[in-house]
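Structure, as structure tokens:
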Amino acid sequence: MRHGFARRFVAGESLEQTIPIAAALCAAGRRVILNQLGENVASAGEARGARDSYIRALHALDAAALDANISIKPTQLGLDQDRELCISLTGEIAATAKSLGRGIEIDMEGSAYTEETIAIYESVQRRHGNAGMAMQSYLRRSLQDLKRLAPVRPKIRLVKGAYRESPAIAFQKKKDVDANFRLLLDALLQLSASGGALAAIGTHDPVLIAHAQERIRQLGLTGERYEFQMIYGIRRDLQEQLVSAGHPLRIYLPFGTAWVPYFMRRLSERPANLWFVLRSLVAER
Ligand code: FDA
């Protein structure tokens with residue numbers, strides 16, 4: 001974090017550094033999803049520590065009266081150690097969020113965790129009703145998962161997917177991932193229009209964003225039924241365009257010390273980012 005390049009994607013190492021950035025985003029008309037960086041913790045104690053941090057973050061967002069929620073990762077809350085522990089810690093975070101009139105979201109990790117994550121999501125959403133979950137359009141199974149989740153009136157954050165997956169379970173070509181994104185998006189927006197879901201459109205792809213805008217217009221969806229979501233530091237031009245056009249936009253804002261895996265995923269999405277990193281390193285000398 002001493003180097004400027006990590007700061008483009010990560011708000012800061014501490015919650016205290018992050019709240020003013022979240023406040024500035026909200027003042028500029030955005031909503032925020034706060035994510036404490038971390039995944040695949042090594043012990044139940046670390047998982048409980050992550051729960052404590054999220055509860056602290058929820059209280060801080062509330063004290064600052066920000067239009068913000070939080071997003072967790074199941075392996076950060078002990079999924080590798082003990083499934084029941086993960087359900088219970090996620091439930092505690094959802095209950096705190098609910099008591100503050102807020103929601104939580106669940107990131108989707110690699111495919112080894114998809115089934116467990118959906119089961120945890122179903123359980124937490126049934127119990128608390130204020131949770132959302134990311135769904136990846138590169139996975140062949142996702143349309144079935146969307147149908148399966150309809151009874152819990154889900155909030156779905158539709159994304160393309162950021163992990164390396166095998167052709168047996170995941171589309172590999174951009175055109176196929178995008179085609180499935182369209183299919184899922186159309187189904188999700190339909191569900192949202194009938195009051196059966198909340199749609200979060202998580203992409204920076206201008207073609208898919210234009211497609212979503214057109215469908216939203218055709219369905220006459222209002223800002224309570226959908227939002228766009230984008231990652232802090234990516235395509236700020238598109239972020240501004242969406243807000244100026246009157247669309248709700250939520251910014252995924254990560255913070256914390258465990259930023260390396262997150263940062264590497266953002267780098268691998270766009271090789272040009274490597275030049276950005278090299279330029280920042282050279283500029284410091
Ligand atoms: P695509 O990769 O086609 O990019 C479209 C354009 O966006 C590019 O041409 C470029 O201009 C810009 N862009 C994209 N990535 C960039 C980058 N890293 N740096 C600079 N510019 C970039 N994934 C996952 O597996 N589980 C999850 O829970 C989440 N959660 C999540 C939340 C939110 C709010 C978003 C927006 C995304 C995620 N993702 C995710 C990541 C997602 O799966 C995907 O990897 C990235 O969003 C990149 O895909 P795009 O849809 O942006 O399209």
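Remember, predicted model here, so these are calculated numbers, not experimental data. When a ligand or atom number is given, it counts from 1 through the structure's own listing order. Below, all heavy atoms of this structure are taken into account, side chains as well, without hydrogens, waters or symmetry copies. Counting from 1, the numbers follow the sequence of the chain as shown.
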Sidechain N-carboxylate O distance under 4.0 Å for [X], [Y]:
X	Y	value
K173	D178	no
E13	R7	no
D205	K174	yes

Query raised in the report: Going through the distances and angles, do K73 and E109 end up as a salt bridge (Lys or Arg N to Asp or Glu O under 4.0 Å)?
Result: CA-CA 7 Å; K73 283 190 170 56; E109 302 177 77; over 6 Å; no
Requested in this report: Check each protein residue for a heavy atom under 4.0 Å from ligand 1 and list those that pass, ordered by chain and number.
Outcome: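 Shell around ligand 1 (4.0 Å, heavy atoms): R8, D107, M108, A134, Q136, R157, V159, K160, G161, A162, Y163, K174, G202, T203, H204, D205, Q229, M230, I231, I234, R235, Y252, R266, E269, R270, N273.
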Query - Residues clustering with Y138 (ILVMFWY side chains joined when closer than 4.5 Å, directly or via others) - result: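 ILVMFWY cluster around Y138 also holds L139, Y163, I169, F171, V177.
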Query - No-hydrogen, no-angle side-chain donor-acceptor test under 3.5 Å, N35 and S71 - result: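 Absent: no donor and acceptor within the cut-off.
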